[in-house]
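In the text below, chain A, chain B and the rest are named by the order of the sequence lines, each starting its count at 1.
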There are 2 protein chains.
Amino acid sequence: MQTVSEENYIKTIHHLQKGEVLVSTNEIADKMNTKASSVTEMLKRLAGKNLADYIPYKGTKLTQTGVDCANKIIRKHRLWEVFLVEKLNFTWDEVHEIAEQLEHVQSTKLIDELDKHLGFPRIDPHGDPIPDKAGNYQEVTQIQLSKLKKGDRGKITGVIDTSKEFLKYLDKHNVGLGSAVEIMDREEFDQSFIIKTELKALHISQHIANNLYLKTTI
Amino acid sequence: MQTVSEENYIKTIHHLQKGEVLVSTNEIADKMNTKASSVTEMLKRLAGKNLADYIPYKGTKLTQTGVDCANKIIRKHRLWEVFLVEKLNFTWDEVHEIAEQLEHVQSTKLIDELDKHLGFPRIDPHGDPIPDKAGNYQEVTQIQLSKLKKGDRGKITGVIDTSKEFLKYLDKHNVGLGSAVEIMDREEFDQSFIIKTELKALHISQHIANNLYLKTTI
DNA sequence: AATATTTTTTAGTCTTACCTAATACTATAT
DNA sequence: ATATAGTATTAGGTAAGACTAAAAAATATT
Ligand SMILES: [Mn+2]
Ligand SMILES: [Mn+2]
Ligand SMILES: [Mn+2]
Ligand SMILES: [Mn+2]
């Protein structure tokens, strides 16, 4: 059994892990708004519990047990987010903080019954896939808006940044999951885009383009 | 804002408080399966935060702020219990432990929306009243079965002990909230009772009679 | 009133999880 | 090859929340 703090570290390491490259101490510290020395300590603890492999001065990587644990937490987090939006009238920008707390509640039956109650959803309110009971999920084939060229079209399938500010910005411009968009122009000098949404043309910065996932349509 | 541990102490003190009498350190320690020395320390902390009045060697009592806090936690605990039974197919003996965790999730909107989602229930699966948004609730006029005399009748409205073991015992004999019972006989030498339930006659110990609440019918 | 028992507090440790400051290691640039 | 910058670890603290053992206060008993 892991503490809440251990679970939060595991989740962060999992999110930072790309392929086989080790995750660095500073990356974790930055993401968690904590200090590198605190991270070092926790990495030793996680390694001691066989949840992570930790090579001093090199970095860390979750073990299989660690990955399984991360998937369980992510499953809980995302199912609770669906619950909040579908059953309790929350908007997609309000659910993250509460799910951060609910994801640590321990009960397998609770989460499996919740899954059933929600009709076994496969994506959360931000377009992220929900692992099933066994920890499996299909990676959605989506692409960052910033990778597209003039004339490309698609539907928004997810967001990377799930902060209140970003989601409220999207709401303000009537852009959300499922919105159809077309790349009208791309400013090379600042990597910004002009996109056509259902209602209007919208000028979006590189930062925003990086945080939107689309599935392209031909 | 209180820590989870502080909240658990507040809830315990509230449950032990009868009238104006101070709650003793040992009572709290017993109820929480902790040591008296740990309780003393926490009482100082709670007093420092103005959640309890603490008189060394005499005992403690929640302040009004403490009582309000207790009612909020109890409201959350009981609403989650209703949710688990009504929406997620849990039985009344399974919900307590999970509600012990869920009661600490912080979000006023969450709990008010949950209340609405459940149709503003006034009692939880064990017959205990649920405080409303303002912290008010009607005390149910109920009496312990052990206080009744031969010939009295009533309906079960609540249980005091909410342990798995006790609730499963009741289930086994088809006794639950709303069950009609009649006192057939009372053994003075061991304070046990023979009661008539919907299905059969049942011999119950003093301990069980103490843990059942009834509303009598004429 | 004096003694014994029970209750409660204090003193001293431990673990988790954080911090700052100092040190050590790695990578880069001269 | 050495100095330097950047990254990571160690050393030493703090606070919450638990514990055991010892001391003190409140009750109960003779
Ligand atoms: Mn979290
Ligand atoms: Mn999400
Ligand atoms: Mn609790
Ligand atoms: Mn209950």
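- Checked against dG17(D), dT9(C), dC19(C), the side chain of Glu41(A) finds its nearest nucleotide in dC19(C).
- Ranking dA24(C), dT8(C), dT16(C) by closeness to the Thr3(A) side chain, first place goes to dT16(C).
- When distances are taken from the side chain of Tyr57(A) to each of dT26(C), dA18(D), dA17(C), the shortest belongs to dT26(C).
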Step-by-step side-chain hydrogen bond (donor to acceptor under 3.5 Å, both in side chains) determination, Asp124(B) to Trp92(B): CA-CA 9 Å; Asp124(B) 85 353; Trp92(B) 72 341; over 6 Å; no

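- As judged by a 4.0 angstrom heavy-atom cut-off over every strand, Thr40(B) is placed among the base-contacting residues.
- Summarising the geometry, the separation between CG on Leu43(B) and P on dT10(C) is reported as 11 Å, rounded to the nearest angstrom.
- When each of Pro56(A) and Tyr9(A) is assigned the nucleotide of DNA chain C bearing its nearest heavy atom, the one mapping closer to the 5' terminus is Tyr9(A).
- Contact annotation: Asn26(B) does not reach the phosphate of dT6(C) (side-chain N/O to OP1 or OP2, under 4.0 Å).
- The pair Asp93(A)-Lys168(A) counts as a salt bridge, with a side-chain nitrogen and a carboxylate oxygen less than 4.0 angstrom apart.
- Rounded to a whole Å, the OH atom of Tyr54(A) is 6 Å from the P atom of dT10(D).
- The side chain of Thr25(B) has dT9(C) as its nearest neighbour among dT9(C), dC19(C), dA8(D).
- Residues Lys116(A) and Glu113(A) are paired through a salt bridge, judged by an N-O separation under 4.0 Å between the basic side chain and the carboxylate.
- Note on Ser38(B): a side-chain N or O is less than 4.0 Å away from OP1 or OP2 of dC19(D).
- Between dA18(D) and Ser5(B), a contact under 4.0 Å exists linking OP1 or OP2 to a side-chain N or O.
- Taking the ring axis of Phe90(A) as reference, the NZ or CZ atom of Lys109(B) stays within 45° of it and closer than 6.0 Å to the ring centre.
- Rounded to whole Å, the distance from CE on Met42(B) to C1' on dA15(D) is 12 Å.
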Stepwise side-chain hydrogen bond (donor to acceptor under 3.5 Å, both in side chains) test for Asp161(B) and Ser163(B): CA-CA 6 Å; Asp161(B) 181 356; Ser163(B) 70; 3.0 Å; yes

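- Here the side chain of Lys35(B) is nearest to one of dC19(D), dA17(C), dT10(C), namely dC19(D).
- With rounding to whole Å, Lys49(B) atom NZ is found 11 Å from dA15(D) atom C1'.
- One donor-acceptor pair, N or O on each side, does fall under 3.5 Å between the base of dT20(C) and the side chain of Ser37(A).
- Atoms CE (Met32(A)) and C1' (dC19(C)) sit 15 Å apart, rounded to a whole Å.
- Computed from coordinates, the Lys58(A) NZ to dT9(D) P distance equals 11 Å when rounded to whole Å.
- Rounding to whole angstrom units, CG of residue Leu46(A) and C1' of dT16(C) are separated by 12 Å.
- Atom NZ of Lys44(B) and atom P of dA11(C) are 8 Å apart (whole Å).
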